[in-house]
Participant: 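Just dropping this structure here.
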2 protein chains.
Amino acid sequence: MAETGTTTPRERYRAQVRAEVKERAWEQIATAGASALSLNAIAKQMGMSGPALYRYFAGRDELITELVRDAYRSLADAFRASSAAGGGLTGLAHTLRAWALDDPHRYFLVYGTPVPGYHAPDDVTTIASEIMTALLDACADLPADGPPSPLAAHLEGLGDQWTSGHPAPPAALHRALSCWTRLHGVLSLELAGHFTGMGFDPELLFAAELTTLTGRPTD
Amino acid sequence: MAETGTTTPRERYRAQVRAEVKERAWEQIATAGASALSLNAIAKQMGMSGPALYRYFAGRDELITELVRDAYRSLADAFRASSAAGGGLTGLAHTLRAWALDDPHRYFLVYGTPVPGYHAPDDVTTIASEIMTALLDACADLPADGPPSPLAAHLEGLGDQWTSGHPAPPAALHRALSCWTRLHGVLSLELAGHFTGMGFDPELLFAAELTTLTGRPTD
DNA sequence: AGATTTAGTTAGAGGCTATCACGAAGGTTA
DNA sequence: TAACCTTCGTGATAGCCTCTAACTAAATCT
């Protein structure tokens, strides 16, 4: 359908194979985690043998990088949609939680234990800052509360090193960081199974943390 | 046979080899992460070849389990010392941060992305509850602040399912959970390198979060 | 001493990543 | 149409890994 002018049949075939590889990779990650991802197994699943996949991906690392990129992109899109819907910080938080629960291994691929040798490419950090911007926007919309913190002063002194020119006041920066770390704290421990056997509902803890961040009880 | 308390030379030798294997394993983990741990490489480092290590560990999983257990034990000991020193919640928090920064991969071994097939043995959860108890003690010592939260009510309704009979009031349980998740949130993102390039000092963010938990500015 | 338990060895099965050289298609051009 | 060139997929191979099995050598027990 989408007849973009410059796609040859070969390119389309290539793109389709790459897409299928990534699809199988996601299935494999969802069941066994990223560390168990095997190019060989994917190739066999697709009916071709081992080294064939190296025509499509330079290696395991490039495939994982691609998956990380897609995961970031997915979260950024979800945040963008949530922002557009006007859900505010609460909306973003629920979007994040839903996104995380939808595929825990995808969450860990982005925010989990870093792979030792791996370093994220530039465009990934670009997407990451896009995510951060959405968070900052939501935090800037909230009224300031409490006295200025030492951290806020410290953040103000840094200039817009990581805000990429975002006009949010230092208190909003502080709140955005707290938001990020608190919600990640609950989510990562929940997804890692550290709450199992304790009996309480992780969602209530998430909601309680969110309340401390917005200053208002969540809906 | 040998009575209680005495160790045969064989047992001592065995224990010493096991200890050396674990030592090399920690070095390997510290440099390349747990996923890159190789029994083969450890054996070669120790001057013996491959399968010899299977006399000492049933397999890679058992070695990792042992390392996880030691890591938990190490944190529990550090917490116990901090509690004995009377440092309170602030002391525990600083102990946790120091412990985490001392060997980030050890922190991730305990609180990081879970290994898919792996399930922690019983004694590990025992040590985990020991850690939780230290945290609960510190939280119970703080004065209650603010109105009772829905989460606290929920926790009260559960009974002592995870408190193992700890007499802390529900508000303290809530605070302990917030403590755990918030400090973990900052630490895990810091150790995973998600703050690099942002320019701010993670320690100040950690301190800021700690302040929100104790209600008082940290020293 | 002899008998027994244990430590370490090599060989091998089966998995993985990754490279290489080769044949077999596909698309392009004369 | 025929020749050409690019790309795809293959098997072979090297090197790493986990882990099992059979065998040798040493330490320990009786």
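In what follows, chains carry the letters A, B, and so on, assigned in the order in which the sequence lines appear, proteins first and then strands, with residues in each chain numbered from 1.
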Participant: Check the pair A/S178, B/E209 against side-chain hydrogen bond (donor to acceptor under 3.5 Å, both in side chains), reporting the backbone distance first and the verdict last.
Facilitator: CA-CA 7 Å; A/S178 291; B/E209 287 302 90; 3.0 Å; yes

Participant: Centres of the B/Y111 and A/H194 rings: under 6.0 Å?
Facilitator: yes

Participant: To the nearest Å, how far apart are A/M46 CE and D/dG9 P?
Facilitator: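 Result: 8 Å.
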
Participant: Give the rounded distance in Å between these two atoms: CG of A/L39 and P of D/dC16.
Facilitator: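 In whole Å, D/dC16 P and A/L39 CG are 19 Å from each other.
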
Participant: Check step by step if side-chain contact (heavy atoms from CB on, under 4.5 Å) holds for B/K22 and B/E27.
Facilitator: CA-CA 9 Å; B/K22 290 205 279 184; B/E27 292 168 12; over 6 Å; no

Participant: Is the backbone of A/W99 close enough, under 3.5 Å, to the side chain of A/R106 for a donor and an acceptor to pair up by distance?
Facilitator: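 The answer is yes, because a donor-acceptor pair under 3.5 Å joins these two groups.
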
Participant: What is the distance, to the nearest angstrom, from the OH atom on B/Y54 to the P atom on C/dT10?
Facilitator: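 Whole-Å distance recorded here is 16 Å.
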
Participant: May I have the distance from A/F57 (atom CZ) to C/dT19 (atom C1'), rounded to whole angstrom?
Facilitator: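 Whole-Å distance recorded here is 19 Å.
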
Participant: Given atom CG of A/L37 and atom C1' of C/dT17, what is their separation to the nearest angstrom?
Facilitator: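 So the CG-C1' distance, A/L37 to C/dT17, works out to 12 Å.
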
Participant: Measure from NZ on B/K44 to P on C/dT9 and round the result to the nearest Å.
Facilitator: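 B/K44 atom NZ is separated from C/dT9 atom P by 12 Å.
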
Participant: Quick one: what's the B/S/- string for nucleotides 2-8 of chain D, heavy-atom cutoff under 4.0 Å, read 5' to 3'?
Facilitator: ----BBB

Participant: May I have the distance from B/N40 (atom CG) to C/dT9 (atom C1'), rounded to whole angstrom?
Facilitator: 14 Å

Participant: Whole Å only: how far is the CD1 atom of B/I42 from the P atom of D/dC17?
Facilitator: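 To the nearest whole Å, that distance equals 11 Å.
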
Participant: Verify the contact: side-chain N or O of B/S38 to OP1 or OP2 of D/dC17, cut-off strictly under 4.0 Å; return yes or no.
Facilitator: yes

Participant: State, without any angle test, whether B/H184 and A/S188 hold a side-chain donor-acceptor pair at a distance under 3.5 Å.
Facilitator: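 Yes, side-chain donor-acceptor contact under 3.5 Å.
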
Participant: For residues A/E11 and A/T7, report the shortest heavy-atom separation together with the two atoms involved.
Facilitator: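 Taking A/E11 first and A/T7 second, the nearest heavy atoms are OE1-CA, 3.2 Å.
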
